[in-house]
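Structure, as C-alpha cells:
Here the structure is a predicted model, which means the values were calculated and not measured.
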Amino acid sequence: MMRRKLKGRLENLGLAGLFRLLAATGASGRLEVETREGAFSLGIRGGRVETPEPTLVKKICHCLDRAAGSFSFDPQPAGKPLEGGVDLSAILELCRGPSGRDRKGFASDIDVDNLLAGEVSTIPGPRETRIHLLPTTVPEHPLEDLLSELEKAAPEELLFAQVGVVTGDPRPWRGWIEREWRRRGWELRLFGVVPDLPLDRLDALVIHHRLTVTRVGRETQWLELLQRAAASERAIPVVWVGPLGDPVWVARLVEAGASFLLPAPAGEGGAVWQSFQETVTRVVARLVQSGTEKEGASGQPAAQELVEALVHGRGPGERIGVLLQLASGALCSGAVFSVDATAVRCRAGFGFPLSTETPVLPRGIAALETVIRTGRPQRSIDPAAAGSRQLARVLGVEDLPAGLVLIPLQSREGTTGLLIGERSGSSEKELEELILIARRIGGVLLGP
C-alpha cells in the first residue's frame, strides 16, 4: 500500500462514503477530518476502530452529513488484528438512529445524547454479504441474435449512436465496418458527397473524400459544415478523411473544427482498406466516448487516488467485492456489469442467482445505453419491456424487481460499468450516498 498521506475534500467524497470505503477495504491507518463543526482523528486497523468515547461519537455524528470540509488518510501496515472495537460502518448505523425506511440524515435528525446512553460497543456490525463472482472467461454468446430479437420485438427499445458517413461510394463502407459498428451500438448512416447535410441526431460524422477534386469549388461549403457541427448543441465530432498534402487546406480544416484528420487510403479494398476501417473505428470510438457525459467524474482524481491506494495489489475479484459490499448497505441484491466496446458483461453480484450461460448483453439496449451515454442513474425500468427480459435472464430471474436502480460506474474515461440492484428498505438518503460514491469510484474498483 502507498505510504504517503492522501488528502481529499468532503465535497467530492462524503464522510459517510469514506467510512464505508475504509471499512469495506479493511484499511489501516490514521484518518483526520476537519469541518466547520469540528475536527477529529481516528486510528483505524482492518476497517475497525477502538471503541470510541461517547463525546467522540457525538462529534462524528455531527460531522457526517456535512458536505464541506477536508480529510486526510495516512495508510499504515495493518499489524495485529484489532481485538474488540467497532466497525466503521457500525458507527454510521449508530449515527443514523432508529432503523426504518423513513430515516433521514445523521445527527440533525436524531437525539445523539439518548443514543449514547447505551454501550457504544454493542453497535451491531454490517451484515455479511455473500458475493458471487462469475468466471473471468465467458462462453461464446450470439449477441447479434439478441439484438435482432429485440429489433423485431421492440425496436423502440434500441438506442444506437448515430454515426454519419459522407462518401461518394457507399459500398466499401458496408460489410465489415457496418457489422462492427452495430456491435458497438452505433448505427451507420450514409450520405452522398454534398456539404448540405442534416446534422440533427448525429453523434459523430465521417467525411470521406478520396480525391481532392471532390471538394474543389465547394471549399467554403465544406468548411461551413464543419463549423455547423462544432457549433451544434452536442458539438458533433467530425473525422475528415481525404488528401492532406495541402498544408493551407489542412490548417483551414483544423480552424473550422475538424476533430481528427486521416489520409485517404489508397484504394477501397484489400488489406489497406481493412486497416483503414479498423483505424477509423478506433478514432470514432474515442470521439464518441469523449462526448459521453461524465457528471459523476467531477472531483474524481483525489477520490480515485485514495481508492487505488486502498485496493493496491488486489485482484479484480476483490476490487469488485469491495464495490458490492458498499452497495449492500442500500440494496438487497445487486450485480456489477463491465461496459466493453461491444458488450455489457456481468462480473459479479449478490442476492441475484446470476446466469453463467447468458452473462452478456449487447450494446444498444436503450435502458442500459441511456445510463452509459449520459452518466446519469436510472431509478426505474419497465419490467415488462423486451430489453428488461434480456437483463432478467442475465441476472438469473424470471422478472425484474420493480425497485431496480441502474447506477453508472465512471472513471476518467467515462462510464466503464454499471451497478444494477434492487432497493432494500433503506432510506432515500442512503441510496443517494450509494449513487454518489459508486459513480465517482466505481470505475476504479471495476478496473483491471
Side-chain angles (χ1 to χ4, degrees), residues 144 147-148 151 155 158 160-230 232 234-291 341-342 363-364:
E144 291 80 4
L147 270 183
S148 299
E151 192 169 27
L158 293 175
F160 289 100
Q162 303 293 302
V163 182
V165 174
V166 176
T167 178
D169 184 0
R171 290 174 298 177
W173 288 86
R174 299 198 179 277
W176 181 89
I177 201 166
E178 194 170 29
R179 292 191 300 271
E180 175 64 19
W181 286 13
R182 179 179 169 86
R183 293 177 64 229
R184 290 172 173 264
W186 308 345
E187 183 176 351
L188 173 63
R189 296 181 61 188
L190 290 163
F191 300 96
V193 187
V194 290
D196 185 18
L197 299 175
L199 296 178
D200 58 303
R201 296 189 61 218
L202 286 185
D203 295 284
L205 179 64
V206 179
I207 300 175
H208 176 210
H209 287 182
R210 181 182 176 189
L211 303 172
T212 302
V213 69
T214 309
R215 65 172 170 84
V216 171
R218 289 184 171 181
E219 287 88 348
T220 301
Q221 292 172 287
W222 287 113
L223 294 175
E224 287 176 349
L225 173 62
L226 293 178
Q227 292 167 350
R228 280 201 296 129
S232 64
R234 293 188 292 173
I236 301 166
V238 179
V239 179
W240 183 279
V241 181
L244 302 177
D246 182 352
V248 175
W249 174 244
V250 169
R252 295 180 71 186
L253 288 173
V254 173
E255 291 173 359
S259 306
F260 205 92
L261 306 178
L262 280 174
E268 296 178 347
V272 172
W273 181 253
Q274 180 63 35
S275 176
F276 166 75
Q277 290 181 111
E278 294 170 356
T279 299
V280 76
T281 298
R282 286 194 296 270
V283 170
V284 172
R286 191 183 312 150
L287 295 173
V288 170
Q289 180 69 19
S290 66
T342 60
R363 295 292 302 265

Side chain to side chain, [X] and [Y], heavy atoms closer than 4.5 Å:
{"X": "Phe191", "Y": "Pro198", "value": "yes"}
{"X": "Val163", "Y": "Leu205", "value": "no"}
{"X": "Val165", "Y": "Ile207", "value": "no"}
{"X": "Asp200", "Y": "Leu202", "value": "no"}
{"X": "Leu261", "Y": "Val241", "value": "no"}
{"X": "Leu158", "Y": "Leu147", "value": "yes"}

Quiz item: Ring centres of His208 and Trp173 under 6.0 Å apart?
Solution: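 For His208 and Trp173, the ring centres are under 6.0 Å apart.
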Look only at the side chain of [X] and the backbone of [Y], and say whether a donor-acceptor pair between them is shorter than 3.5 Å.
{"X": "Trp186", "Y": "Phe160", "value": "no"}
{"X": "Ser148", "Y": "Glu144", "value": "yes"}
{"X": "Arg228", "Y": "Leu223", "value": "no"}

What residues, two or more places apart in sequence or in another chain, satisfy salt bridge (charged side-chain N to carboxylate O under 4.0 Å, His left out) together with [X]?
{"X": "Glu278", "value": "none"}
{"X": "Glu151", "value": "Arg182"}
{"X": "Glu178", "value": "Arg174"}
{"X": "Asp246", "value": "none"}

Heavy-atom pair with the smallest gap, counting every atom of [X] and [Y]:
{"X": "Phe276", "Y": "Pro265", "value": "CG-CG, 3.8 Å"}
{"X": "Val288", "Y": "Ala204", "value": "CG2-CB, 4.1 Å"}
{"X": "Val193", "Y": "Gly168", "value": "CG2-N, 3.0 Å"}
{"X": "Gly257", "Y": "Ala230", "value": "CA-CB, 4.5 Å"}
{"X": "Pro243", "Y": "His209", "value": "CD-O, 3.3 Å"}
{"X": "Ala258", "Y": "Leu226", "value": "CB-CD1, 4.2 Å"}

Under the rule for side-chain contact (heavy atoms from CB on, under 4.5 Å), what residues qualify as partners of [X], not counting sequence neighbours?
{"X": "Pro170", "answer": "Thr167, Leu190"}
{"X": "Ser232", "answer": "Ile236"}
{"X": "Arg201", "answer": "Gln162, Arg189, Arg234"}
{"X": "Glu180", "answer": "Trp176, Arg183, Arg184, Thr281, Thr342"}

Quiz prompt | Polar side chain donor-acceptor pair, Gln277 to Gln274, under 3.5 angstrom | solution =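 Looking only at side-chain atoms, Gln274 and Gln277 do form a donor-acceptor pair, the distance falling under 3.5 Å.
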Quiz item: Roughly how far, to the nearest 0.5 Å, is the CH2 atom of Trp222 from the CG atom of Asp196?
Solution: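 Between Asp196 CG and Trp222 CH2, I get 10.0 Å after rounding to 0.5 Å.
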Practice problem: Kindly indicate, with the supporting measurements, whether the criterion side-chain contact (heavy atoms from CB on, under 4.5 Å) is fulfilled by Leu262 and Val206. | Solution: CA-CA 10 Å; Leu262 280 174; Val206 179; over 6 Å; no
Self-check item: Residues which pass side chain to side chain donor-acceptor pair (under 3.5 Å) with Trp249, listed by chain and number, not counting sequence neighbours
Solution: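 Checked Trp249 against side chain to side chain donor-acceptor pair (under 3.5 Å); zero matches.
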Quiz item: If you look only at pairs with a residue in residues 162-173, which of them pass as a salt bridge (charged side-chain N to carboxylate O under 4.0 Å, His left out), with sequence neighbours excluded?
Solution: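 Every salt bridge (charged side-chain N to carboxylate O under 4.0 Å, His left out) pair that includes a residue of residues 162-173, provided the two are not neighbours, is Asp169-Arg171.
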